[in-house]
J.: 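Submitted below is the structure of interest, expressed as structure tokens.
Chain letters run A, B, ... following the sequence lines, proteins first, then strands; residues in each count from 1. For clarity, every value in this text was computed on a predicted model and none was experimentally measured.
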Amino acid sequence: MLQANYIAQNRDAVVAGLQKKHFKETDKVDQIIAIDEKRRKVKYDLDEVLAQQNSIAKEVGQLFAQGKRDEADVLKAKAPVLKEQGRVLQEQLEGLEKEQHELLISLPNLPHSSVPEGRTPEDNEVVKEVGEIPTLADTAKPHWELMEQYGIIDLALGTKITGAGFPVYIGKGARLQRALVNFFLDNAITAGYKEINPPLVVNTDSATGTGQLPDKEGQMYHATIDDFYLIPTAEVPVTNIHRDDILAEADLPIKYCAYSPCFRREAGSYGKDVRGLNRLHQFEKVEIVQFQTPDKSYETLEGMVKHVEGLLQQLELPYRILRLCGGDMSFASALTYDFEVYSAAQKRWLEVSSVSNFETFQSNRLKTRYKGHEDKKTQLVHTLNGSALALPRIVAALLENHQTAAGTVRLPKALHSYLGFEEIG
RNA sequence: GGAGAGAUGGCAGAGCGGUCGAAUGCGGCGGUCUUGAAAACCGUUGGCUGUUAAAGGCCCGGGGGUUCGAAUCCCUCUCUCUCCGCCA
């Protein structure tokens, strides 16, 4: 969430930023500024009335203490008028605050200056491409056929138990999941991230804090009896660890990693790109999260990108890094790098990670601040997060890219000790 | 799920309806002393809003009410603890 006074002071830059993100309702900016002026005025008037009420109350108390009942009663008679004035102003203020908050919360984050112009995924900037794209034998199969052939991941069975998009991992398939999770976690821990095992279900405050509510309400599974949401990513519970906290600058950066299943309704996404493991309602992911001071957050973002690169290199998968254009970025992000892995049998790039700097967009909702050790000032932290990594598409790419001419799948060396086997076949 | 007790500043813990944004202790920060440290002593030490700076306003779990005046009284919700029940 952007801050009203920032908007008022940087009106033109805010409008330009929103336009870069292809946010249409830029007139909301001027509305917010106008409401803010009105709000301040009403607040000032209300404070005056309250101050008068306070002083009368104090005087009445003193008069009573001195036994001057009559004078006290005279003063008391003045209170109802003020009270009524206060009530009216209070109502106005609450109305304005609500109106302003609704406008503010509907605005996306502003893009960083390095974000390329553009509207669609085609406009994303390819930052780098690494690794050889394998040439497979003519007999090569897409991952959904390999899954079925070796009986390691069963989508139909998941449909029977739950519904479409809830795979059942079996035997070496299950083992592969567990190996990848441990591999990712161990790498993160080595890189200095503290492991968190968070709740998989969160309350509305948490879902609002990281920006899932109100904008993505329909994308989360909602346990209505208790008003809890199934997490779409570990980012939600982990970032909320520091909701309403004031951190010490000396403790920053704070680095957390967390494994969790992720639940996404994916309402409205059907079609050809969702076959096999490409899009699921439940999947597993290791997430990395950092809290950092504003002056170092972009440095931190680069470090997180490096970390994800290291994982993909160890998994021997060809990948490319995209800097997302304004129109393709998420609501809350200021700068996002997407990682895509080449899926050799599908002959297409699959998004496997998204690493973002949210600057103060989340922390302003979360009220996660830090106190500087030099200037003692309390200000909002920057939050960052990234997948490191999400499993299904990695599994898809591993199966497809590492299939041999004989039809078996040779898994990368980095996983051998985690797997207890080297080959599926 | 049933019965009872409670929720106050970083922590612990006071708080007759007015002088309480809140005693006291610990912790933190600054200083005196010391070669340095400890101890001792002195000072300082919440958040939000607002302003050039102030003043002012709001915050004692959340919401509502009574009152000229609420941390203190009433209602309600949430959470925590103890006992009982159920249970991995």
Side-chain angles (χ1 to χ4, degrees), chain A residues 1-9 32-101 103-105 197 199-209 213 223-229 237 240-252 254 261 291 360 362-381:
Chain A
M1 188 165 73
L2 302 175
Q3 296 169 91
N5 57 357
Y6 178 86
I7 293 175
Q9 281 159 27
I32 288 168
I33 295 172
I35 289 172
D36 199 48
E37 265 172 49
K38 222 189 290 178
R39 202 206 90 233
R40 272 170 218 244
K41 203 186 159 307
V42 172
K43 175 89 162 77
Y44 185 84
D45 292 345
L46 174 63
D47 284 355
E48 292 279 281
V49 171
L50 290 174
Q52 283 183 54
Q53 285 184 17
N54 286 342
S55 78
I56 285 180
K58 202 166 272 183
E59 271 184 71
V60 169
Q62 280 163 0
L63 290 173
F64 265 118
Q66 294 162 17
K68 298 178 182 169
R69 273 214 118 76
D70 298 343
E71 287 181 48
D73 285 338
V74 172
L75 257 187
K76 270 166 79 168
K78 292 165 99 174
V81 183
L82 288 172
K83 209 169 183 185
E84 178 58 16
Q85 282 177 10
R87 197 189 58 76
V88 171
L89 288 167
Q90 182 75 44
E91 232 166 63
Q92 275 182 39
L93 181 67
E94 277 167 16
L96 289 168
E97 280 176 345
K98 183 160 174 262
E99 206 180 331
Q100 185 180 45
H101 186 257
L103 285 167
L104 281 171
I105 211 159
N197 191 328
L200 307 180
V201 165
V202 295
N203 59 29
T204 55
D205 282 348
S206 293
T208 307
L213 292 179
T224 52
I225 292 178
D226 295 300
D227 202 15
F228 290 152
Y229 292 89
N240 272 281
I241 287 174
H242 293 301
R243 172 151 48 84
D244 292 323
D245 276 359
I246 298 178
L247 307 164
E249 183 175 354
D251 293 336
L252 300 175
I254 292 174
F291 299 82
T360 60
Q362 290 183 327
S363 61
N364 188 33
R365 289 188 179 201
L366 295 158
K367 300 299 171 229
T368 303
R369 293 150 293 170
Y370 76 97
K371 194 172 271 196
H373 48 207
E374 292 288 297
D375 54 7
K376 306 284 180 212
K377 236 176 61 192
T378 301
Q379 52 183 316
L380 296 170
V381 298

J.: How many Å lie between CG on A:Asp45 and P on B:rG50, as a whole number?
T.: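 Taking atom P of B:rG50 as the reference, CG of A:Asp45 is at 15 Å.
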J.: Answer yes or no: is there an ion pair linking A:Glu94 with A:Lys98, defined by an N-O contact shorter than 4.0 Å?
T.: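 No, no charged N to carboxylate O under 4.0 Å.
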J.: If you assign A:Asp36 and A:Ser55 each to the RNA chain B nucleotide with the nearest heavy atom, which residue ends up on the more 5' nucleotide?
T.: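 In this pair, the answer is A:Asp36.
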J.: Does a side chain donor of either A:Gln66 or A:Lys68 reach within less than 3.5 Å of an acceptor in the other side chain?
T.: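 There is such a pair (donor and acceptor under 3.5 Å, judged by atom type) between the side chains of A:Gln66 and A:Lys68.
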J.: Both distances under 3.5 Å, Watson-Crick or G-U wobble: report the partner of B:rG36, or none.
T.: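 B:rG36 is paired with nothing.
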J.: Quick check for you: to the nearest 0.5 Å, what is the distance between A:Ile254 atom CD1 and A:Ile241 atom CD1?
T.: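 Nearest 0.5 Å value for the CD1-CD1 distance: 9.0 Å.
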J.: Of the options B:rG47, B:rA55, B:rG57, whose atoms approach the side-chain atoms of A:Tyr44 most closely?
T.: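 Output: B:rA55.
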J.: CD of A:Glu37 versus C1' of B:rG50: gap in Å, rounded?
T.: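 Distance check: A:Glu37 CD to B:rG50 C1' gives 15 Å.
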J.: With sequence neighbours left out, write down each residue that passes salt bridge (charged side-chain N to carboxylate O under 4.0 Å, His left out) with A:Asp45, or none if nothing qualifies.
T.: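 Partners of A:Asp45 under the salt bridge (charged side-chain N to carboxylate O under 4.0 Å, His left out) test: A:Lys41.
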J.: How many Å lie between CG on A:Leu93 and C1' on B:rG57, as a whole number?
T.: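 Rounded to whole Å, this separation is 11 Å.
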J.: Determine, for nucleotides 59-71 of chain B in 5'-to-3' order, which nucleotides have protein heavy atoms under 4.0 Å from the base (write B), from only the sugar-phosphate (write S), or from neither (write -).
T.: --------BBS--
J.: Does A:His242 reach the side chain of A:Val381, with side-chain heavy atoms less than 4.5 Å apart?
T.: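 No, too far: nothing below the 4.5 Å cut-off.
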J.: In Watson-Crick or G-U wobble terms, both distances under 3.5 Å, what is the partner of B:rA7?
T.: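 Base partner found: B:rU78.
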J.: Donor-acceptor pair, distance only, cut-off 3.5 Å: does the side chain of A:Asp36 make one with the backbone of A:Ala4?
T.: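 Checked: no pair found.
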J.: Assign each of A:Gln62 and A:Lys43 to its nearest nucleotide of RNA chain B by heavy atoms, then name whichever residue's nucleotide is nearer the 5' end.
T.: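 Here A:Gln62 is the residue nearer the 5' end.
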J.: Taking only N and O in the side chain of A:Arg39, is any of them less than 4.0 Å away from OP1 or OP2 of B:rU49?
T.: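 For A:Arg39, the contact criterion (side-chain N or O under 4.0 Å from OP1 or OP2 of B:rU49) is not met.
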J.: Among A:Leu247, A:Asn240, A:Ile246, whose side-chain contact (heavy atoms from CB on, under 4.5 Å) with A:Thr368 holds?
T.: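 Looking at A:Leu247, A:Asn240, A:Ile246, the match for A:Thr368 under the side-chain contact (heavy atoms from CB on, under 4.5 Å) is A:Leu247.
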J.: Is A:Arg40 close enough to B:rU51 that one of its side-chain N or O atoms is under 4.0 Å from OP1 or OP2 there?
T.: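 For B:rU51, OP1/OP2 do have a side-chain N/O of A:Arg40 under 4.0 Å.
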J.: B:rC48, B:rC58, B:rG46: which one has an atom nearest the side-chain heavy atoms of A:Thr378?
T.: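 Of the options given, the side chain of A:Thr378 lies nearest B:rC48.
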J.: With P as the reference atom in both, quote the distance from B:rA22 to B:rC74 in angstrom, rounded to an integer.
T.: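 Going atom to atom, P in each nucleotide, I get 25 Å.
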J.: Checking base pairs now: Watson-Crick or wobble, both atom distances under 3.5 Å. What partners B:rC83?
T.: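 Partner of B:rC83: B:rG2.
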J.: Have a look at A:Asn54 and say if it touches a base, only the backbone sugar-phosphate, or nothing, with a 4.0 Å heavy-atom cut-off.
T.: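 If one applies the 4.0 Å heavy-atom cut-off, A:Asn54 turns out to touch the sugar-phosphate alone, with no base involved.
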J.: Quick check: any donor-acceptor pair below 3.5 Å linking the side-chain of A:Asp47 to the base of B:rG57?
T.: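 No pair found.
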J.: Between A:Gln53 (side chain only) and A:Leu82 (backbone N and O only), is there a donor and an acceptor less than 3.5 Å apart?
T.: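 Flag set: sc A:Gln53 to bb A:Leu82 pair under 3.5 Å.
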J.: When both hydrogen-bonding distances must be under 3.5 Å and the geometry is Watson-Crick or G-U wobble, what is B:rA71 paired with, if anything?
T.: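 Across any shown strand, B:rA71 pairs with none.
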J.: Just to confirm, is there a sub-4.0 Å distance from OP1 or OP2 of B:rG47 to any side-chain nitrogen or oxygen of A:Lys367?
T.: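 No.
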J.: B:rC20 and B:rC59: how far apart are their C1' atoms, nearest whole angstrom?
T.: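 About 13 Å, rounded to a whole number of Å.
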J.: Does B:rC41 have a Watson-Crick or wobble partner in any strand here, with both distances under 3.5 angstrom, and which is it?
T.: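 Partner of B:rC41: B:rG31.
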J.: Does any nucleotide pair with B:rA54 by Watson-Crick or G-U wobble geometry, both distances under 3.5 Å, and what is it?
T.: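 Checking every strand shown, B:rA54 finds no partner, since no pair has both distances under 3.5 Å.
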J.: What is the distance, rounded to the nearest whole Å, between atom CG of A:Leu89 and atom C1' of B:rG56?
T.: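 Rounded to the whole Å, the gap is 15 Å.
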